[in-house]
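A quick write-up on the structure given underneath.
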Amino acid sequence: MIHQKKIGILGGGQLGKMLAIAAADWSLDIHGLDPDKEAPAKGYYKTLLCGDFNDYNTVMSFGQSMDIITIEIEHVNTDALKELKEMGKTVHPEPEALEVIKDKGAQKLFYQRNHIPTAPFYLCENKQAILSLVENGVINIPFVQKSRSAGYDGKGVLVVDDINKLEKLFDTSSLIEEMADIDKELAIIVSRNESGEYSSFPAVEMLFNPVENLVENLICPADISEQAEKTCREIAKTIIEKLDICGVLAVEFFLNKDGEIWVNEVAPRPHNSGHHTIEANYTSQYQQHLRSILNLSPGNTGLCTQKAMMVNILGEANHTGEANYIGLEEVFQMSNTYVHIYGKKNTKPMRKMGHVTILDDGSISIKDKAKKVLDTLKVFSK
Ligand SMILES: Nc1ncnc2c1ncn2[C@@H]1O[C@H](COP(=O)(O)OP(=O)(O)O)[C@@H](O)[C@H]1O
Ligand SMILES: [Mg+2]
């Protein structure tokens, strides 16, 4: 039955590539749409249609020849997805949920409506509106500005922790959030299928690059109390249920210093914080997404190692152009260390070019190993 289904994925980046690799285990019929004809998933999807996933007509014509349509990026044309759903296609995640998630403001209103704990916030139309609220003492520094629609990988996020930073405010429709007093940043990947079966993966702790607001590495399991882990898993389950989503959903949390847990944001697709599940868990997030959209039972989400770390391999500063990987051979000499290179032709500073997962084998500290990987494996331009 699953082999009769044509699965169409909007997007052909590294997440799409890893979905396609997981799909290959079961010989699924998987196809993709991406504006870049050299996208990382090229050669992994059975076919890659070159086109804009934000364009109504393009998504319609791609989707019409599919049975199941899913995504690996949320910035896609949801009007077309709604229409495809009307036509009887299976669309996961729900286009309505995608619309809520794509807009960071609507996402916050959803949390508020559903009594899901999150940082207190305001929605402002533009820079002037923010400045007025600051002047009137309604918004206090420090705060965080997030562009409602343009953000990913820390782009569109500005931490205003000093009065001089007010100049840097983006002049755009914004979400203004109270600054969280963060002890740890956590993420949970939860899944759901049409029969209402759930799963959740163990919480991971994300370690951020403070300059770029970008995940650099993560460790699993997170060093948190059983109660905190349970709370995060329950919140994640509530969110996926209320959004009526099938597939995987990544939920990012702040564990604050006072012990409170706030939801930061969600992504209704495989996520950077679940890369390690390929080697570290019995079922990967990619398999789990495919199982969920095909209405198959979820696989075992347990860790098959004591501990795992994942480091993102980012394009080196000051290097733009055709990618050249330095230190790969040395990393291949390291035990229980698994390299993933996404195959992007060109590098630029901070671009996600690959990742490395390290499983704990008790030899040397996993953190030391991760540091060695980051110090050794570099992406330069040729
Ligand atoms: N309210 C907040 N308080 C403190 N730090 C924050 C807050 N919101 C975001 N950040 C920091 O900025 C990072 C990126 O913000 P996020 O909303 O997750 O954007 P992105 O979509 O780029 O991942 C977070 O992971 C966190 O480190
Ligand atoms: Mg984030």
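Both ligands and their constituent atoms are indexed starting at 1 by order of listing.
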Against heavy atoms of Glu252, which atoms of ligand 1 measure under 4.0 Å? 18 (O)
So, 4.0 Å and heavy atoms of Met206: is ligand 1 close enough to count as a contact? no
Using heavy atoms and a threshold below 4.0 Å, how should the contact between Val159 and ligand 1 be classified: side chain, backbone, both, or neither? neither
Basic-acidic side-chain contact under 4.0 Å: Glu86, Lys82: no
Closest by any non-hydrogen atom to atom 27 (O) of ligand 1: pick that one out of Gln107, Gln145, Glu185. Glu185
Is there a polar contact, in the sense of an N or O pair closer than 3.5 Å, between Phe254 and ligand 1? no
Within the 3.5 Å criterion, strictly below it, is a donor on Gln14 or His340 matched to an acceptor on the partner's side chain? no
The Mg ion (ligand 2) is nearest to which N, O or S atom of Glu265? OE2
Report yes if the side chains of Pro268 and Leu249 come closer than 4.5 Å at any heavy-atom pair, otherwise no. yes
Check all N, O or S atoms of Glu252 and name the one closest to the Mg ion (ligand 2). OE1
For the residue pair Thr305 and Asp360, confirm or rule out a side-chain donor-acceptor distance under 3.5 Å. no
Is the closest basic N to carboxylate O distance between Asp181 and Lys257 below 4.0 Å? yes
In ligand 1, the atoms that come under 4.0 Å of a heavy atom of Val144 are 1 (N), 2 (C), 3 (N), 7 (C), 8 (N)
Taking Gln288 for its side chain and Gly299 for its backbone only, find out whether a donor-acceptor pair lies under 3.5 Å. yes
Counting from 1 in the order shown, the ligand 1 atoms closer than 4.0 Å to a non-hydrogen atom of Glu177 are 1 (N), 2 (C), 7 (C), 8 (N)
Would you please indicate if the ring centroids of His355 and Tyr338 are separated by under 6.0 Å? no
